[in-house]
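Model, not experiment: these values are computed from the prediction.
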Amino acid sequence: MTEPLELKKTVNLPKTDFSQKANLGQAEPARLKKWTDAKLYEKIREARRGATKFILHDGPPYANSDIHIGTALNKILKDFIVKSRSMMGYDAPYVPGYDCHGLPIETHVEKKLAEKGKNKNDLPVATFRKICREHASKAMDGQTRDFSRLGILGEWENPYLTMSNEYESETARLFGRFLERGYVYKGLRPVYWCIHDQTALAEAEVEYKLHTSPSIYVKFPLLTDPAELDANLAGRRVSLVIWTTTPWTIPANLGIAVHPDYEYAAVEAGDEVLIVASELVGFVFVKCCLSAPDENGERHLPRILAKFKGSKLDRMRAKHPFIDRESLVMNGEHVTLGGEADAETEIDVSEARDKKETGKAGTGLVHTAPGHGHDDFVISKQYGLEVYCPVDNSGRFTSEVEHFAGENIFKANAQIVELMKENGSLLFSENYEHRYPHCWRCKKPVIFRATPQWFISMDVEAEKGEKISLRANALEQVEQVKWHPNWGEGRMGNMIKGRPDWCVSRQRSWGVPIPVFYCQACDEPVADTKIINHVADIFAKETADAWYNRPESELLPENFTCPKCNSRDFRKETDILDVWFDSGSSCVAVLETRDNLQFPADVYLEGGDQYRGWFNSSLMCGLAAHDTAPYKQVITHGWVVDGEGKQMHKSTGNAISPNEVVGKSGAEILRLWAAAVDYTQDIRCSDEILSRIVDAYRKFRNTLRYALGNLYGFNPETDAVQNPLLQYSHGRETSEIEKLLEVDRWALANLDEVTAKVLAGYETFDYQAVYQTLYNFVTVTLSARYFDIIKDRLYIYAPKSLERRSAQTALYEITDKLSRLLAPILAFTADEAFENLPHQKLASVHLAEFPVVSGADNSQLLTEWERIFSIRDEVLKALEEARNAKRIGSSLEAKVVLTADRETTRFLLPFYEDLRYIFIVSQVEVHEGDALGVEIRKADGEKCERCWNYSIHVGEYEKYPTVCERCSTALQQIEQSAAAS
RNA sequence: CGCAAUGUAGCUCAAUGGCAGAGCGUAAGACCGAUAAUCUUAAGACGAAAGUUCGAUUCUUUCCGUUGCGACCA
């Protein structure tokens, strides 16, 4: 007889290299390196070669600053898609991109230059562009480092750049395609203009400062018969009253805008009749001192002759106050009551908004000069008015302007006021202080002025079978696309319906030049697709910098002459393309130039701001190139806000930096957060939220660790117990007829159900459902129930016993499937767990495929066990009461005496032997009685030293006097195995 | 101000024209063989008002809060 074993050492305690402490700060970079060294991304591509493709096309983030929480979220969600589709068996490549051109980089570079005392204008454009290129490059590198740190797999060493030679070439070619199809036209459009620097300014380049302008109220005599408005007005002299702070735009007045829904009043003022908004009658009359005092010196409210909706004024005609020209009355929603709906400042929406609350000024009728205001321009387009701008580059009236030709506009203000005062059209004028846009460079007031621009028409029709416009085709395509969430379709449709023609030219330097020439002799524009393609060929070799490095002769085909006058002398267009055109062309420039991609993409995923941005510009580009949308489905996510739902601002101090979170807690935390929230709405992020996520992460990790620890000594190929629910553990010959224990079957049935839900979640991009399902499975099914119940069995029975092998078989299946299901989200941890599965052969979980759902009907099993667990809840409550009464401590000190009705007793009969394990007590008795009752008694017998259960048999065994009957058997088996080996 | 989205426990999410579920967190307790872990129990919510209805958290309207777009910036 051998020596008795040391009891403690015969207990099968968990053992694994999968550590409890994640130490993600170090572990993640190490794993990233491992992935890179093993060329994991390339291996995945290889493994999926030939499979159906699933293309997520990356919207390029702007390569200017560090990544923020929103871009991190965006990239993580994209990674969920790519990784999960890949695990579904698709070939899902990911080519990240960067948007490199644009104003913010120019601004940044210009400021840097200024710090060195240099001026942008002193440098050749080519040099300036070189610095911009370098800056973009540098910012991009930083972003690439941060994005890949998040565990996002893709072609990071070869992303697409909108400033690359190939891309710039394709962008130019696409412009040629628009041109070829007849969508492009040249027209006028008002932009901010600095008359001092003689340059166009972007909104971002103006600063608002207080400025004093003349505020004037002017009459426009109505030419249309006033009887059409109201019979009361028949035969009266009626005028419309407008208000403006820019008298110099009056010569350019072509119309008057009124709101169709507002009420307007025709009011008697002396022998004439004035029309202003009803609400503003009192204000205007007081302001302009129009109500004559009566004999007592009191002023009365004027007599209102008629009231009517603004829509009644639509298309009536008025006369310009001092030019022999008609002014058209138009209906516009932009008109406000007592707001600054004035030519120059109204375009700034936030400004106008502020004004509405504070100052009252105006008449409810808006002086409209299409060449000098944004809203004016838009409404004039609708009414077919000319974009009239009689002001030159230096801010002087052109020769066609009567009275003021050659005059500086600001100086002319006073003269114009004087002229109107003389001819009686001026009601009132005063000085008015307001916030007014100024040039950020020279700090002088800027104006709004129409300049020549390139447009893409939304309504010109081109061939597509029958003729169709971009707008109409876009609306058709929007219906074909699948939108998540589905209100996206309406939003996109509305946007397309309401949008004006696309102005694609910008008076800037850092972008793709509009590849058009002008004949020096006759000024004829040469906008020809063949020439553009010739230029694009040069771009393909040298980048678009060639446009600035080379003279016209080297950019044009040899011996090219002006088709109109045969001159050989040309000049280059100086405008560049809108950066939205750049990024929009990615559907061609990237999807069609990379071997592993294809047009259209399966999915685009961006923030909701991109309806108006990239989704839109991409759609236009896709339509120009192929008459179809460049995406089959579009997913949008909300904005990241703080814990209170407020927007994040660096200055407010509520911003969360992704890099900080990654450094402190790990990328996994950010990834898990992205999965846990409803990304279709505003997404909250705060320290509290993240700390909850950290807790959840720990739960996932500890659960995986426990499972892995108990798989010690298990080889699924030789040790598994046969069961139809098994996919990854093969099991022995069925002739051995060993069946899994019931609880283990129950756990696997649950796993099967979870697998189905999770796969459905991945399929529908519902990561929150994936998270909730898995988290619930881990916390409730596994940790609180299954693992707690099988702990005794795993620890106590002999290592090779059926009892332990049965549990291990289930555990293996659970851990394997759980790792795979978690992999797209917990990219690092799932991989680590997968790696620690004994006898697992794949190099990474990311090469694996998702598990399949067995299809077995386990509903009866699951229902029965739900009933068991509800009885268990009752038992646990009773145990807790006993504990509180200090009658027991550990539940193993207890014996449960259940009383139940006949049916329940019968139901419990087959589980009788298992109940003590399910309840985790030492003994259970069931008695038939009336209702369900639970009585807790002290367990019978003594505590077994080995398994801690109580048993009346402790002391019966000679060799091991301190153990129970189960342990005695287990110890015998362990001794036999030891002897055999 | 328009257009759109959204509002359920401290947090993240469910469900439903008929008792509002879960997990985490919190509190209390147990265990000391998942141990900076694990288990148990407990308390805790429909933004406000009106309407439709036998009955509304759910449908309608209004209000309030928040966010995005309306910006030629991305």
Select base, sugar-phosphate, or nothing to describe what A/A676 touches, counting heavy atoms under 4.0 Å on all strands.
-> sugar-phosphate
Under 4.0 angstrom, heavy atoms only, what part of the nucleic acid is A/K791 near: base, sugar-phosphate, or nothing?
-> base
Which part of the nucleic acid does A/D678 contact within heavy-atom distance under 4.0 Å: base, sugar-phosphate only, or nothing?
-> sugar-phosphate
Paired to B/U52 by Watson-Crick or G-U wobble criteria (both distances under 3.5 Å) is none
Name the nucleic acid region contacted by A/N702, choosing base, sugar-phosphate or nothing; use a 4.0 angstrom heavy-atom cut-off, strictly under.
-> base
Answer for the Watson-Crick or wobble partner of B/A15, both distances under 3.5 Å, is none
A/W487 on top of B/A5's base, within under 5.5 Å and under 30°?
-> no
Any strand, both distances under 3.5 Å, Watson-Crick or G-U wobble: B/U8 pairs with none
Which is true for A/K699 with a 4.0 Å heavy-atom rule: it touches a base, it touches only sugar-phosphate, or it touches nothing?
-> sugar-phosphate
Do any side-chain nitrogens or oxygens of A/Q768 fall under 4.0 Å of OP1 or OP2 in B/A14?
-> yes
Ionic contact status for A/E880 with A/R883, cut-off 4.0 Å = yes
Pick base, sugar-phosphate or nothing for A/R785, based on heavy-atom distances below 4.0 Å to the nucleic acid.
-> nothing
Touch class at under 4.0 angstrom, heavy-atom based, for A/Y771 against every strand present | nothing
Describe the nucleic acid contact of A/K886 in one word from base, sugar-phosphate, nothing, applying a heavy-atom distance below 4.0 Å.
-> sugar-phosphate
At under 4.0 Å between heavy atoms, what does A/V191 touch on the DNA or RNA strands: base, sugar-phosphate, or nothing?
-> nothing
Once you apply the 3.5 Å cut-off to both distances, tell me the Watson-Crick or G-U wobble partner of B/C3, or none.
-> B/G68
Remember a base hit wins even if backbone is also touched, and classify A/S783 as base, sugar-phosphate or nothing at under 4.0 Å, heavy atoms.
-> base
For A/G613, which contact category applies under a 4.0 Å heavy-atom criterion: base, sugar-phosphate, or nothing?
-> nothing
What does B/G33 pair with, Watson-Crick or G-U, if both distances are under 3.5 Å?
-> none
Taking for each residue the nucleotide of RNA chain B with the nearest heavy atom, is it A/L782 or A/S891 whose nucleotide lies nearer the 5' end?
-> A/S891
